[in-house]
There are 2 protein chains.
Amino acid sequence: MPEGRTGQGYSGESLLFLTDEQLRQGIEAMFFAYRGFTADPDRILAELSYGRAHHRAIHFINRSPGTTVNNLLSILGVTKQSLNRVLRTLIGDGLVESKVGELDKRERHLYLTDQGAALEATLSDAQRARMRAAYKDAGPEAVQGFKKVLEAMMDADMRRAYAKLRETGA
Amino acid sequence: MPEGRTGQGYSGESLLFLTDEQLRQGIEAMFFAYRGFTADPDRILAELSYGRAHHRAIHFINRSPGTTVNNLLSILGVTKQSLNRVLRTLIGDGLVESKVGELDKRERHLYLTDQGAALEATLSDAQRARMRAAYKDAGPEAVQGFKKVLEAMMDADMRRAYAKLRETGA
DNA sequence: CAGTTTATGTCAGTGTTGTTGACATTCCAA
DNA sequence: TTGGAATGTCAACAACACTGACATAAACTG
């Protein structure tokens, strides 16, 4: 196992940021930061006895109203059975509405109800608040680097999904 | 709910990177990137019928050999019952060794066995490989920004734990 | 020394979230 | 029209988090 230096070949440029130690720090930063990232919504969700899966569903339905179950499935990267359980409770609780497709009656199009939209707002307000504080602390240049590295960390299909969402939203 | 612009007050400087839309992009990037971040170790772990919890324990025991259960507990942020279940299997499978403390016999000090260290190496090689590729893609400046934002995203206690680990390792 | 606190482990129960398997419905194409 | 593909639902199960209660041993405190 190469220790302390990457196996990528050490050119003239400074590649010190690619040492195993640097990479390990990044890995641990990612671990701790993700806990912070989810902490605020998690607290809110716990009171409603929902979990992260509910949050994710609500987020992406809000993001793309009328999306189909299949669509959501490919974004979330879970099995349809797993998603279905979450959707069932959200529909049962009146946060999400499921409409049979007009063109294709096999499809279900998903929408947030007013109540669902309210919860979405609460959750994303909390998450954005932390994000905003972090961005502000770190500054615009750091944010650009942050996004660049995150995008490079994704699998190809995630990058596609991410890009698609940005098209819609920007 | 303010939409499109943060509520922080818009000074003369460019704060466009703090718009709700920008923050949402960051949130989604974080979501997708974390999937990528864990994907490679997850595949390896699945074959051994271990999970992320095992990976985390192995990682931090490797990081701080001889650490106590309590210490690990505060880093991982889970209950002792949850950690104990994981440790029990790892010790039973001969990947982790638990030694009664010499000074304080209540404490258990945790070490990786050779077999445990081998798995740790496999897992972190896989995770580092992706990290290295992402870092290389994004470049040194981006990496600096990446770490800066992640650190700003942590809770105070996580930041402490993270800093402590960096002391040891650097 | 007696009583309390600390560190650890265990048992039982519960909830969320992931999985696979089986199945119903709908669409489409041979 | 019949068979396959796509879409979604229900049931059962496993992993892993949680709480609560309790046991043990060691350390600390008055």
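Protein chains get the first letters and strands the later ones, always in sequence-line order, with residue 1 at the start of each.
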Novice: Is a salt bridge present between A/Glu47 and A/Arg43, judged by a nitrogen-to-oxygen distance below 4.0 Å?
Specialist: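 Here A/Glu47 does not pair with A/Arg43 in a salt bridge, since their nearest N and O are not under 4.0 Å apart.
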Novice: Over how many whole Å does the gap from B/Asp104 atom CG to C/dT5 atom C1' extend?
Specialist: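 After rounding, the gap between these two atoms is 12 Å.
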Novice: Using a cut-off of 4.0 Å on non-hydrogen atoms, how would the nucleic acid contact of A/Arg52 be classed: base, sugar-phosphate, or nothing?
Specialist: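 Contact class for A/Arg52: sugar-phosphate only.
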Novice: With no hydrogens and no angle check, do the side chains of B/His54 and B/Thr89 hold a donor and an acceptor under 3.5 Å apart?
Specialist: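 Yes, B/Thr89 and B/His54 have a side-chain donor paired with an acceptor closer than 3.5 Å.
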Novice: Figure out the CZ/C1' separation between A/Arg106 and D/dT7, and round it to whole Å.
Specialist: 6 Å
Novice: How close or far is atom P of C/dG18 from atom CG of A/Leu87, stated in whole angstroms?
Specialist: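 One finds 12 Å between P of C/dG18 and CG of A/Leu87, rounded.
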Novice: Report yes if a side-chain nitrogen or oxygen of B/Asn70 is closer than 4.0 Å to either non-bridging phosphate oxygen (OP1 or OP2) of C/dT8; otherwise report no.
Specialist: yes
Novice: Answer yes when A/Asp40 and A/Arg128 have at least one side-chain N-carboxylate O distance shorter than 4.0 Å, and no when they do not.
Specialist: no
Novice: Round to a whole Å and report the spacing from CG of B/Leu73 to P of C/dG9.
Specialist: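 It is 10 Å, rounded to the nearest whole Å.
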Novice: Verify the ring-centre separation between B/Phe60 and A/Phe31: is it less than 6.0 angstrom?
Specialist: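 That pair passes the under 6.0 Å test.
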Novice: Between A/Gly77 and A/Leu48, just flag the one whose closest nucleotide in DNA chain C comes earlier from the 5' side.
Specialist: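 So the residue in question is A/Leu48.
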Novice: Is there a donor on the side chain of A/Gln81 or the base of C/dG21 sitting less than 3.5 Å from an acceptor on the other?
Specialist: yes
Novice: Rounded to the Å, how far apart are B/Ile91 CD1 and C/dT8 P?
Specialist: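 Rounded to whole Å, this separation is 12 Å.
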Novice: Applying a 4.0 Å non-hydrogen cut-off, can you work out what A/Lys105 is touching in the nucleic acid: base, sugar-phosphate, or nothing?
Specialist: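 It contacts sugar-phosphate atoms only.
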Novice: For the residue pair A/Ile27 and B/Phe37, establish whether any side-chain heavy-atom pair is separated by less than 4.5 Å.
Specialist: yes
Novice: Is B/Arg85 touching bases, backbone alone, or none of the nucleic acid, heavy atoms closer than 4.0 Å?
Specialist: base
Novice: To the nearest angstrom, how far is B/Leu103 atom CG from C/dA7 atom P?
Specialist: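 To the nearest whole Å, that distance equals 14 Å.
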Novice: To the side chain of B/Asn84, which of D/dT7, D/dA17, C/dT10 is closest?
Specialist: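 That would be C/dT10.
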Novice: Just the rounded figure in Å: distance from P of C/dA7 to NZ of B/Lys80.
Specialist: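 B/Lys80 atom NZ is separated from C/dA7 atom P by 11 Å.
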Novice: Is A/Ser49 touching bases, backbone alone, or none of the nucleic acid, heavy atoms closer than 4.0 Å?
Specialist: sugar-phosphate
Novice: Could you state the NE2-C1' distance from A/His54 to D/dA17, rounded to the nearest angstrom?
Specialist: 15 Å
Novice: Taking only side-chain nitrogens and oxygens of A/Thr79, does any of them come within less than 4.0 Å of OP1 or OP2 of C/dT19?
Specialist: yes
Novice: Specify the residue among A/Tyr50 and A/Arg108 whose closest nucleotide of DNA chain C lies further upstream toward the 5′ end.
Specialist: A/Tyr50
